[in-house]
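Notes follow once the structure below has been shown.
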There are 2 protein chains.
Amino acid sequence: MRCEVLAVGTELLLGQVVDTNSAWIGEQLAGAGIDCHFQAKVGDNQPRIVTAIRQALARSDAVICCGGLGPTQDDITREAIAEVLGVPLELDEEIAGRIEQMFSGRGRGMALNNLRQAEVPSGAIVIPQVRGTAPGLICRLGDRTIYAVPGVPGEMREMVGRAVIPDLVSLSGVRATIASRTLRTWGMAESTLAEVLAPRLTALDAAAGGGSGAVGGSGAVGGSGAVGGSGAVGGSGAVPTIAFLASGIEGIKVRITAKAPTTREAEAAIAAEEAEVRRLLGPVVFGVDDQTMEAAIGELLAGRGLSLGVAESLTGGLVGSRLTAVPGASDWFRGSIVAYATEAKRKLLGVGDSPAVSEETALEMAAGAAAALGADLGLSLTGVAGPTEQDGQPVGTVWVGMHSASGDDQARLLRLFGDRDQIRQIATISALDWLRRSLVDLSDS
Amino acid sequence: MRCEVLAVGTELLLGQVVDTNSAWIGEQLAGAGIDCHFQAKVGDNQPRIVTAIRQALARSDAVICCGGLGPTQDDITREAIAEVLGVPLELDEEIAGRIEQMFSGRGRGMALNNLRQAEVPSGAIVIPQVRGTAPGLICRLGDRTIYAVPGVPGEMREMVGRAVIPDLVSLSGVRATIASRTLRTWGMAESTLAEVLAPRLTALDAAAGGGSGAVGGSGAVGGSGAVGGSGAVGGSGAVPTIAFLASGIEGIKVRITAKAPTTREAEAAIAAEEAEVRRLLGPVVFGVDDQTMEAAIGELLAGRGLSLGVAESLTGGLVGSRLTAVPGASDWFRGSIVAYATEAKRKLLGVGDSPAVSEETALEMAAGAAAALGADLGLSLTGVAGPTEQDGQPVGTVWVGMHSASGDDQARLLRLFGDRDQIRQIATISALDWLRRSLVDLSDS
């Protein structure tokens, strides 16, 4: 089963908007075991949209058109699909009624062109909208299928997950449910992860009957593609596959996917494999699916009834801004003192005469943050983000300090590489991960 | 002149990496007056890369292939281009020598596969690398051209700017230099910007001889495309064009582009138009080209010899982290106190008993930040980021306070819309912009 993605919108070609939708859809297709060999972008121009759809259908079983379903004259994906199908557009009374209701419910008058969104190519299956006003479309053309979803990311994701992927999976003929879970990791290189998980990869590959996706082959554990092969599931037992997704500053994701006749069986296979993977990876795993590092920390702090205060220097507020991105952070986050000037470090944090980038200063900042902010725990960062060295310390030198009420204060040295922005970002996530691991240890003890 | 973009890499299709290169190249092509009607992504698969290049050349004059030039077996863009051209790959001794030198210069042994990067399709023009090890390529095929550039964004941008765009412009037959300047704005809606600049758009269109890109026509001022038309320049005078690019949280960009026989004439035309646009827009313009809001503030503060202290609540450190993204921020930034807990607001900032989200508290926080951090100016933010209201204040209510040594303290109320992240981001940029405008006024007085 092959499916392409066509992102529609002149703003994408002009670089005014970066197309993130195709990447997201590509990830979903890969997770569902559907091949995606080409993705394209085209402007709001009917002949070119028609050309692009025809090209996609000439080499793949399906194409997902993303964008161009809105109410304005620029939104012509519907017209282009109708042309490819060779059918007229027809007003769908049900959609029209829903759009009219939506506007009257908000006490607003409706511009007539909103009804354009109720026009569908004759014979199309409508994917009802649950957010926004534009419905999606499923259109059959012989054994090929054209999908249309809105370009607004939230609406697109909801619709692809609810209707498009299930339809593709059903068309693929595999009578199975696909479920997946992503374990998020920080602190282990991709090659090490692959090495540590090698026993599982070998075991899964053997269980799946070997063949495609052999472990150890070139590229098999190189970050692309699932190990185990998509056709790995036999008639009965669900053999999961494991794939790695390097996600830069967000760490490396380990995705476990399972196909099974029922959701319950798929979920059970995933749960069993997750336990194995967690046993091998240990505290490297910080979260599941969309859970962020800061959300994981928030849960741990709230669970222990602990509060946190932060002292930042080179990160300038990045640590605090990530922590406060978590709704309800005020339950456990007291604040952060961004002490850029030396005088501010002394006055607000009680730091002494040690060099600004040193173990002593990091320890004093952590204790000072906890004291000044009235928090149980203190976390501190001081270092050299660049572009030039500072007090003889090279760019990338970062000390992280941690203070706890028990008096078991610690500091650790990081040597980071990259430009100013990268060093600040990696220092932030590294400090947060150290805090998280300390909290896990605290919970275990 | 039409040019397509082909991004090469399986990781792009799998959604592990979002392709931002194509968007950037699209922006450069638009700025140079070159049409880009299609962009595509393809995996590391030679037959499919060949198909995609042939498809692009069948409908456009050129294609820029981005990625797949590295040293590993996965990097096969060179091979695919050679196949399209019908020529063999040949080792370029000069490139090979340079790669060997680079490794020996770093005292590292070189894996033999690095020499793959020295293989070029017979007859290709080499774009020498100035960063990284992979050179770029310019390959003619009849009246068509295939460009190849690395996928690493920094290397790609340098090479496209230095070699690809100039080659395309020269092929386009317009014996002219193209120059452009982007004025960055904050605080005016796109429709208002278009209205305010309407006299200029009309004047430029008239000077260019009307015709294409008529102002007032549908979409002409709607954010896409240049007003004035790319073929507007006659033999002698350079008539600039103006385009709007909505860039979300980064504001709206107003790009002035001019074609002229010489760079000096193009620059002169841009300078004259920039003066007109600035006269109409006034302090809405905060920067030029890649200058950020925080860099503009840094320049103003440094120029006045003033220092800044910040007090943040709902933004949790975002204001400080943006300001410290500017190299050399320590010259004018003293620090930020992120007071999330009420007790911290009292103790560190000397805030009294007023409600947390109120004009009084914002004023007290601003004065408290300046005092605690020993700064000339204090900037504060307090508000409700959501997801739930706070003390009867609806989500999106934000007070921004400013303190100066002159005692002319002020606060202003923002009512923002969006989710937690959007409210925090918009509050941050709005507060920074207010500070910037105050500094401009200060400089003018």
Side-chain angles (χ1 to χ4, degrees), chain A residues 10-20 22-24 26-27 30 36-43 45 48 52 55 73-74 218-219 223-224 245-247 312 315-321 323-325 327 329-330 333-341 343-344 348 372-374 387 420-421, chain B residues 10-16 18-20 22-24 26-27 30 36-43 45 48 52 55 73-74 218-219 223-224 245-247 312 315-321 323-325 327 329-330 333-341 343-344 347-348 372-374 387 420-421:
Chain A
T10 302
E11 72 281 6
L12 304 173
L13 295 176
L14 293 175
Q16 296 171 348
V17 175
V18 170
D19 167 36
T20 56
S22 301
W24 187 87
E27 199 178 343
C36 182
H37 292 163
F38 295 92
Q39 297 184 355
K41 286 185 263 183
V42 64
N45 173 293
R48 288 182 212 129
Q55 232 156 35
Q73 295 299 323
D74 279 356
S218 80
S224 65
L245 295 92
S247 310
E312 305 184 50
T315 47
L318 282 173
V319 174
S321 68
L323 290 168
T324 55
S330 55
F333 180 67
R334 292 286 169 269
S336 173
I337 293 175
V338 181
Y340 228 59
E343 186 49 37
L348 296 170
L373 293 157
R420 184 177 173 89
D421 181 52
Chain B
T10 303
E11 71 281 6
L12 303 174
L13 295 176
L14 292 175
Q16 294 171 349
V18 171
D19 166 36
T20 56
S22 302
W24 186 88
E27 200 177 342
C36 182
H37 291 162
F38 295 92
Q39 297 185 354
K41 285 185 265 183
V42 64
N45 174 291
R48 286 181 212 130
Q55 232 158 35
Q73 296 299 325
D74 278 356
S218 80
S224 65
L245 295 92
S247 309
E312 307 184 49
T315 48
L318 282 173
V319 174
S321 68
L323 290 168
T324 55
S330 55
F333 180 67
R334 292 286 168 269
S336 175
I337 293 174
V338 180
Y340 228 60
E343 185 49 35
K347 189 173 150 197
L348 296 169
L373 293 156
R420 184 176 172 90
D421 180 53

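Being a predicted model, the structure only gives us computed values, none of them experimental. A note on names: the letters A, B, ... follow the listed sequences, proteins ahead of strands, and every chain is numbered from 1.
Interface residue B:R420: only side-chain heavy atoms are found under 4.5 Å from chain A. Only the side chain of B:L348 comes within contact range of chain A, with at least one heavy atom under 4.5 Å from a heavy atom of that chain. Using a 4.5 Å cut-off between heavy atoms, B:D19 touches chain A through backbone and side chain atoms alike. The part of A:T315 that comes within reach of chain B is its backbone (N, CA, C, O), which places non-hydrogen atoms under 4.5 angstrom from that chain. Interface residue B:Q55: only side-chain heavy atoms are found under 4.5 Å from chain A.
Of the listed residues (B:S330, B:A52, B:G43, B:G374), the one with the most heavy-atom contacts under 4.5 Å to chain A is B:S330. Of the listed residues A:G26, A:S321, A:G15, A:P387, the one with more heavy-atom pairs under 4.5 angstrom with chain B than any other is A:S321. Chain A forms the most heavy-atom pairs under 4.5 Å with one residue out of B:L373, B:L323, B:L13, B:N45, and that residue is B:L13. Ranking B:S22, B:S336, B:C36, B:A339 against chain A, the residue ahead of the rest is B:S336, based on heavy-atom pairs under 4.5 Å. Interface check for chain B: of the options A:H37, A:R334, A:E27, the most heavy-atom pairs under 4.5 Å are formed by A:H37. Comparing A:A341, A:G335, A:A325, A:A40 by how many heavy-atom pairs each has under 4.5 Å with chain B, the most go to A:A325.
Applying the ring pair (Phe, Tyr, Trp, His ring centres under 6.0 Å) criterion to A:F38, with sequence neighbours excluded, gives no partner residue. Remark: A:Q39 engages B:K41 in a side chain to side chain donor-acceptor pair (under 3.5 Å) (not counting sequence neighbours).
When side chains are defined from C-beta on, A:F333 counts as touching B:V338, because their heavy atoms get closer than 4.5 Å.
With rounding to the nearest 0.5 angstrom, the NZ atom of B:K347 is 11.0 Å from the CD1 atom of B:I337.
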